[in-house]
Amino acid sequence: MAAVYDHHSVEPKWQKVWDDEKAFAATNDFSKPKYYALVEFPYPSGQGLHVGHPRPYTALDIVSRKRRMQGYNVLFPMGWDAFGLPTENYAIKNKIHPKIVTKNNVARFKEQLHSIGYSFDWDREVNTTDPGYYHWTQWIFLKLFNAGLAYKTQMPINWCTSCKVGLANEEVVNGVCERCGAPVVRKMQSQWMLKITEYADKLLEGLDSVDYIERVKTQQRNWIGRSTGAEVDFKLTGTDDKLTVYTTRPDTLFGATYMVMSPEHPYIEKYKDRITNYDEVVKYREEASRKSDFERTELAKDKTGVCLNGLTAIDPVNDKEIPIWISDYVLMSYGTGAIMAVPAHDERDWEFAKKFNLPIIEVVAGSDKPVTEQVYTDVAEGKLVNSGFLDGLSVAEAKKKITEFLEEKGIGHAKTNYKLRDWVFSRQRYWGEPIPIIHCEKCGYVPLKEEDLPLELPEVESYMPGDNGESPLAAMDSWVNVTCPCCGGPAKRETDTMPQWAGSSWYFLRYIDPTNDKELASQEALKYWLPVDWYNGGMEHTTLHLLYSRFWHRFLYDQGIVPTKEPYAKRTSHGMILGSNGEKMSKSRGNVVNPDDIIEEYGADTLRTYEMFIGAFDQAANWSMEGVQGCRRFLDRVWKLQAIVTDGDEYSKDLEVKIHQTIRKVSGDFETLKYNTGIAALMALINDFYKAGSITKADLKTFILLLNPVAPHITEEIWANEGFEGRVFQAKWPEYEEAKCVEDTVTIAVQVLGKLRGTFEEDRNASKETMIARAKETVASKIEGKEIVKEIYVPGKLVNFVVK
RNA sequence: GCGGGUAUGGCGAAAUAGGUAGACGCAAGGGACUUAAAAUCCCUCGGGGGCGACUCCGUGCCGGUUCGAGUCCGGCUACCCGCACCA
């Protein structure tokens, strides 16, 4: 044995052994119990791996390695989510094909991941930009199209007035273009959409059947945002038209004092002759078009709006004529694009009414202050007033009664609404999956035939979007102009590509059968491997990627393509790794840590141990070089255990209880995301080993097995040095006996009036009477001359005396 | 703005189900070894007071429930994440 642990020679050595022996390949032996562990596949950026990546990867590598030791057939795959904007922008700037850029980045990422010693099954690597992969992404799109879930509509995009290109939200900084600084406006564009809203209820209900951490479920539920209310028709004065609003509070209908329409509402165009201040309205609408939905609702505090002079509405319950305003906080994309405003009982309406001096009428009583001074939104306590036939009812009763009334009169009906919006699926970009649709003047949108897939990305001369905001593909006349598969007439290909979310919405299915060129994956393999048993990923993917992939999966289930309703049985999330200054790591802040440097100086096992020890797994943590060093010191102490090991195939007597406790602790902590305390327990045990002076081979063996999932290289090397049989990755996970986890004596805390006044040691089986008697001795001076009113005894823990 | 989180020593953090706050690690101070340093090993380490047995205070802030609150309840404050074309 070498005197010191030399990671430079040991780590690559074992990585090669694992590769050569195909140590971590999932087998197709479907008779074995399976375990599918999944981490989010990375976007192979030009910067290479970031120290944030190894955190979730190491966590599930630990789980995977432990599962294999527990006898499971484990699938733990890795791949590349390689389409995307930064690669395309790099390609534009440097005139290099994105394919080449991607290939280089992937090679770098793969080498980096390899050097950390992950137990990925590299035989199942997938890449979303590979035509053999996106063949099936396009195939799923065709299924969606044929099921009526893909449609085209006019949607606004961010448009740079100077570059003449569509921009991603991220490329818009404070309303101007990130590259040139010119103002960005919203421009209408015909876009492909996916009807995720049709799956809103299924996605909501599915959450009840899966084991996701609670905040992920809550965030998805709120994102879907189901609310039940009513749609109500208000007559437009002097016309045959009605203005339909959506409200969650139909009970407050008698308190509506004005209406607000979205600035984009079609009635504005329709009745522009009636609106006497139309110029002002148009100006306001232009200003609103410069703001994103986010800004429009963000600026809600300082309400803006314009009253439509000449256009009013009639409240259907009391025939009152009320004014109509337009304001940007009302969005065309939610509800009906118009609201009735009840300022007494809605915060935004109240602020708006105060600003523009509009009447505020109380219709729910129960507030401490008059509603002209403070908005009253309590729905549990209040009773209806000033509301005709609703007076005296509770809010819930009134909701029911008014909805029945509206339905009876034919002026409204109960309505469920969702905050969730349909998924904008078009990008005017090159580096994405081509949308396999042909547009024919005669036949409309015609899908490609399945046998014509994959529709490969053609080579183009420039990756720059066209002047009118079209994708670079639009310039490829020979590719664009085709004959209609339906009528044989002249037709044009769709030139938009899919968003990056497309490839990542189903990648976990492809790992199951990655080389199948007949189907997306074989039914037999899907039945065996699904669902994913444990999926860990960033909290930032909760509402988009996670929801999108659940949507696709549920759709595929409805089509009979996959055997489970839900793709992921369990979902957990990790916290971000921040720079040592507590800020997000970024080049500009100069606080970026490259994992390669850590591996070079301290080794992969140190990196892995530190990333797991850094803090609570689900919380953000600051990087610390000193902390890295501490973990390396721990591994050095592990290495040096070889110097104090003596023969013996049983646990040392003095260490036996500690070892059993540690097996229990580590086995549990590795399952519950508490990697930091699991490692702390191993550190505590090694401290006990050194205190004992010498340990048996059995002591060492168990310690090595427990540490192996975290630090696989050093443990494999010690295992070989000590002549233990086979490889650690083939060994069995250690077991503990509950009976051997308990000490003979317990320490009892003694409190007087809840304050700690002393402790004593006693046989753990001693009676309650003995414990209380010993407790009285322990705090004799504190309770002397006082009356004991109550004795509280918590077995094995404490005694508390309540005295007078 | 809306939705979701988080707050404990000098620092990263622990604390099954309301029961000894600060495990484990880092930094710091002292000691051993060394010509010296590094490495390693040993000891101390929340704050105040006391020579001392001890004692008071302490888990973001204000209040409550309880024999007992970091943990439960009500009300705040600060910070972090997401907000649909970054991934």
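Naming convention: chains lettered A, B, ... in sequence-line order (proteins, then strands); numbering from 1 in each chain.
- A straight line from CD of A:Q629 to P of B:rA28 spans 11 Å, rounded to a whole angstrom.
- Between the C1' atom of B:rG19 and the CG atom of A:L798 lies a distance of 4 Å, rounded to the nearest Å.
- Among the atoms of the strands shown, none is found under 4.0 Å from any heavy atom of A:H545.
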Exercise for review: Using Watson-Crick or G-U wobble pairs with both distances under 3.5 Å, give me RNA chain B in dot-bracket, 5' to 3', with [ ] for crossers and | for pairs to another strand.
Suggested key: (((((((..(((......[....))).(((((.......))))).((((....))))..(((((..]....))))))))))))....
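- Between the P atoms of B:rG46 and B:rC11, the separation comes to 13 Å (whole Å).
- Atom-to-atom, CD of A:E171 to P of B:rC85 comes out at 13 Å; the value is rounded to the nearest Å.
- Spacing between atom CD1 of A:I224 and atom P of B:rC83 amounts to 17 Å, rounded to whole angstrom units.
- When the C1' atom is compared between B:rC45 and B:rA23, the two are found 15 Å apart, to the nearest whole Å.
- Going from the P atom of B:rA27 to that of B:rG22 covers 22 Å, rounded to whole Å.
- For B:rA21 and B:rU59, the C1' atoms lie 8 Å apart once the distance is rounded to whole Å.
- When heavy atoms are screened at a 4.0 angstrom cut-off, A:E540 is found touching base atoms of the nucleic acid.
- Remark: A:R757 pairs with no residue by the salt bridge (charged side-chain N to carboxylate O under 4.0 Å, His left out) rule, at least two apart or across chains.
- Following rounding to the nearest Å, A:I577 (CD1) and B:rC80 (C1') show an atom-to-atom distance of 15 Å.
- Side-chain contact check for A:L635 versus A:T609: some heavy-atom pair is nearer than 4.5 Å.
- If you check every strand for non-hydrogen atoms under 4.0 Å, A:R632 touches nothing.
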**Study point:** Stepwise ring-ring contact (aromatic ring centres under 6.0 Å, His included) check, A:Y548 with A:W423
**Key:** CA-CA 9 Å; A:Y548 289 152; A:W423 175 3; 3.7 Å; yes
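- Side-chain contact, A:D669 with A:T677: a donor N or O sits under 3.5 Å from an acceptor N or O.
- In this structure, A:T747 reaches the bases: a heavy-atom distance under 4.0 Å links it to at least one base atom across the strands shown.
- Between A:H541 and A:R637, the residue anchored nearer the 5' end of RNA chain B, judged by the nucleotide with its closest heavy atom, is A:R637.
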**Study point:** Evaluation steps, side-chain hydrogen bond (donor to acceptor under 3.5 Å, both in side chains), between A:Q189 and A:W159
**Key:** CA-CA 10 Å; A:Q189 184 109 17; A:W159 180 254; over 6 Å; no
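- Ring geometry for A:Y675 against A:F617 counts as perpendicular: the plane angle is over 60°, on a 0 to 90° scale with 30° as the lower cut.
- Residues A:R221 and A:L207 meet the side-chain proximity criterion, which asks for heavy atoms closer than 4.5 Å.
- The nearest whole Å value for the distance from the CG atom in A:D669 to the C1' atom in B:rA15 is 12 Å.
- At a threshold of 4.0 angstrom between heavy atoms, the contacts of A:Y43 are confined to the sugar-phosphate backbone, with no base atom among them.
- The separation of B:rC2 from B:rG74, taken at their C1' atoms, amounts to 23 Å, rounded to a whole angstrom.
- Residue-level contact check: A:K782 touches the backbone only, with heavy atoms under 4.0 Å from sugar-phosphate atoms and none from bases.
- Spacing of C1' atoms, B:rC62 relative to B:rA14, comes out at 28 Å, to the nearest Å.
- A:F109 and A:W80 have perpendicular rings, their planes meeting at more than 60° on a 0 to 90° scale where under 30° would count as parallel.
- Nucleotides B:rA13 and B:rU55 place their C1' atoms 29 Å apart, quoted to the nearest Å.
- Atom P of B:rG49 sits at a distance of 25 Å from the matching atom of B:rA28, rounded to the whole Å.
- Within 4.0 Å (heavy atoms only), A:S426 reaches at least one base atom of the nucleic acid.
- Using a 4.0 Å heavy-atom cutoff across all strands shown, A:L167 reaches at least one base atom of the nucleic acid.
- Per the geometry, OH belonging to A:Y675 stands 14 Å off P belonging to B:rA14, to the nearest Å.
- Among the atoms of the strands shown, only primed sugar atoms or phosphate atoms (P, OP1, OP2) are found under 4.0 Å from some heavy atom of A:R215.
- A:K419 comes within 4.0 angstrom of a nucleotide base, judged by non-hydrogen atoms across all strands.
- At whole-Å resolution of the value, CD1 in A:I783 and P in B:rC67 are 19 Å apart.
- Residue contacts shown for A:S624 are absent, as no nucleic acid heavy atom lies under 4.0 Å away.
- Within the 4.0 angstrom heavy-atom criterion, only backbone atoms of the sugar-phosphate kind lie near A:R757; the bases stay farther away.
- At a threshold of 4.0 angstrom between heavy atoms, the contacts of A:N622 with the nucleic acid are absent.
- With respect to the salt-bridge test (charged N to carboxylate O, under 4.0 angstrom), the residues A:K152 and A:E494 qualify.
- Salt bridge absent: A:R427 and A:E470 never bring a charged side-chain N and a carboxylate O closer than 4.0 Å.
- A:L578 comes within 4.0 angstrom of no nucleic acid atom, judged by non-hydrogen atoms across all strands.
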